[in-house]
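Lettering of chains follows the sequences in order, A, B, ..., and the numbering in each one begins at 1.
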Amino acid sequence: MNALVFTYFAYLALAVPITLWVGNTLRRNGRVFLLDVFDGDEELAQAVNHLLVVGFYLVNLGYVSIALKTSDAVIDAQSAIETLSVKVGTVVLVLGFMHLANLFVLNKLRRRAQLQSHTATRPPVAPDAVWSAPVRQA
Amino acid sequence: MTGDPLQRVTVLYDARCNLCRTARAWLERQPQLVPLEFLAAASPEAQSRYPFLDPRMTLEDLTVVGDGGEVWIGAKAWVVCLWALEGKRGLAQRLSSPTLMPRARAVVSFVSRHRRAIGTYGVSCDCTPA
């Protein structure tokens, strides 16, 4: 096994577990958000959560796979570590970006649900005046 | 009381103005979360129910009165109307933000000032201005 193949194995051994860990974090914590969005509908929240996490895995593992090949000359431990570092660093940045994008989507869904909610009792603007005597309605 | 839930809203609009009647018809067609009631501004009914409102002012700007005696005028009145509709609360929330509210106010007051020039005015009026 030459240095390049070793680098590839080390890359996969780092990148795949990190992806799984981030995906798992997303699954565990996204559930709470989605439960809130879907008004406590456990089944729907679980389904949407699962779909989001699957999309997350597909994009990230796809990226990890595509980014595996390197054109660097890996001949010794130093160049192996350097190459590995750049590769893993890129994967972590992509993961971070994807994770934040996912959070953004979840938060957007949640905010929209809150805004559309029928539970708000007061309009978002303060009245210009308030007449304190009883008001006769039709 | 400003903490109590707003349960119904009365919209005082200028019934002489074609644009305002169109807006009223549009509001009426929308599904409402908080019931909207429409009254011609400065009509005898409006004046007897809301003696504290200056009828000339209610003819100038759209005025909305809540069941707790709250009065919203102009752009704020529009925000309250949108807020009362189903599916428009997000829009009402965005309009009420500090960045958009001044623009909304400018647009509403511009349209309001020039509404006599938009469409027909004073046709098929069922109100008696003060």
Side-chain angles (χ1 to χ4, degrees), chain A residues 26 29-53 55-56 97-138, chain B residues 1-10 31-35 37-39 45-46 48-54 57 61-98 100-101 104-105:
Chain A
L26 192 67
N29 301 298
R31 216 187 118 265
V32 186
F33 265 88
L34 289 168
L35 263 179
D36 188 49
V37 172
F38 297 120
D39 255 348
D41 186 340
E42 180 91 37
E43 219 171 316
L44 189 57
Q46 205 133 17
V48 172
N49 196 23
H50 193 73
L51 293 172
L52 274 174
V53 170
F56 179 83
F97 174 75
M98 280 291 292
H99 188 60
L100 290 177
N102 245 307
L103 278 185
F104 181 75
V105 169
L106 287 177
N107 204 33
K108 195 115 192 151
L109 283 173
R110 184 157 165 268
R111 262 184 66 83
R112 183 168 314 163
Q114 280 174 342
L115 288 178
Q116 298 299 339
S117 93
H118 299 190
T119 49
T121 57
R122 302 289 311 171
V125 282
D128 290 295
V130 179
W131 188 253
S132 45
V135 172
R136 190 159 65 80
Q137 297 281 350
Chain B
M1 290 293 284
T2 47
D4 291 339
L6 190 65
Q7 267 152 1
R8 50 182 300 129
V9 165
T10 306
Q32 298 165 0
L33 293 175
V34 176
E37 186 204 354
F38 296 91
L39 261 186
E45 168 76 6
S48 80
R49 255 159 75 179
Y50 309 118
F52 50 92
L53 289 177
D54 179 352
M57 265 179 67
D61 288 300
L62 179 75
T63 307
V64 162
V65 188
D67 51 358
E70 310 91 328
V71 179
W72 289 272
I73 297 166
K76 282 185 175 180
W78 267 108
V79 169
V80 175
C81 286
L82 289 172
W83 177 84
L85 302 179
E86 191 180 320
K88 298 283 185 290
R89 290 204 162 167
L91 179 61
Q93 192 83 43
R94 276 198 299 281
L95 281 178
S96 67
S97 73
L100 276 184
M101 199 65 211
R105 198 172 291 131

*Asks:* Testing the basics here: between Gln93(B) and Pro124(A), what is the closest heavy-atom pair and its distance to 0.1 Å?
*Replies:* NE2-CB, 4.1 Å

*Asks:* Output all residues satisfying side-chain contact (heavy atoms from CB on, under 4.5 Å) with Asn102(A), sequence neighbours left out; order by chain, then residue number.
*Replies:* Leu26(A), Leu52(A), Phe56(A)

*Asks:* With the side chain counted from C-beta on, respond yes when Pro123(A) and Val79(B) share a heavy-atom pair under 4.5 Å apart, and no when they do not.
*Replies:* no

*Asks:* Measuring heavy-atom distances to chain A, does Trp83(B) have an atom under 4.5 Å in its side chain, in its backbone, in both, or in neither?
*Replies:* side chain

*Asks:* Which residue pairs pass the salt bridge (charged side-chain N to carboxylate O under 4.0 Å, His left out) test when at least one of the two sits in residues 43-53 of chain A, sequence neighbours left out?
*Replies:* none

*Asks:* Would the distance check show the side chain of Trp131(A) and the main-chain N or O of Phe52(B) forming a donor-acceptor pair, the cut-off being under 3.5 Å?
*Replies:* no

*Asks:* At their closest point, which heavy atom of Pro5(B) faces which heavy atom of Arg122(A), and how far apart are they?
*Replies:* C-NH1, 4.1 Å

*Asks:* Which atom pair, heavy atoms only, marks the closest approach of Lys76(B) to Asp128(A)?
*Replies:* NZ-OD1, 3.5 Å

